[in-house]
Amino acid sequence: MTQSNYEAMTEKQLREYVRLNPQDEDAFQHYLSIIRSRPGRVTVSTDDEFEAELRKRINQ
């Protein structure tokens with residue numbers, strides 16, 4: 001599937017496609033970019049980032 005096909009899908013359609021095609025790394029990465037772009041969502045990729053975010057929220 002091409003990048004433009006991913007962009008034409010709804011989020012729900014893309015999620016289902018990724019679920020059924022776990023080997024399609026490009027589709028998975030595009031889905032992740034959608035998830036990460038949502039306002040109010042915090043995405044951390046390391047333990048250090050998680051700890052820093054946790055400390056920030058505790059100190060608010």
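- Ring planes of Y17 and Y6: tilted class, angle from 30 to 60°.
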> Going through the distances and angles, do R15 and M9 end up as a side chain to side chain contact (heavy atoms under 4.5 Å, CB included)?
Replying inline: CA-CA 9 Å; R15 181 178 57 240; M9 290 181 175; over 6 Å; no
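- Qualifying salt bridge (charged side-chain N to carboxylate O under 4.0 Å, His left out) partners for K12, counting only residues two or more places apart in sequence or in other chains: none.
- Taking R36 as the reference, nothing meets the salt bridge (charged side-chain N to carboxylate O under 4.0 Å, His left out) condition, with sequence neighbours excluded.
- The side chain to side chain donor-acceptor pair (under 3.5 Å) check on T10 picks up Q13, with sequence neighbours excluded.
- With N21 contributing its side chain and D24 its backbone, the two residues share no donor-acceptor pair below 3.5 Å.
- Residues satisfying the side-chain contact (heavy atoms from CB on, under 4.5 Å) criterion with E25, sequence neighbours excluded, are F28, Q29.
- Residues forming a side-chain contact (heavy atoms from CB on, under 4.5 Å) with E51 (at least two apart in sequence, or on another chain): R55.
- Under the rule for a salt bridge (charged side-chain N to carboxylate O under 4.0 Å, His left out), E49 has no partner lying at least two apart in sequence or in another chain.
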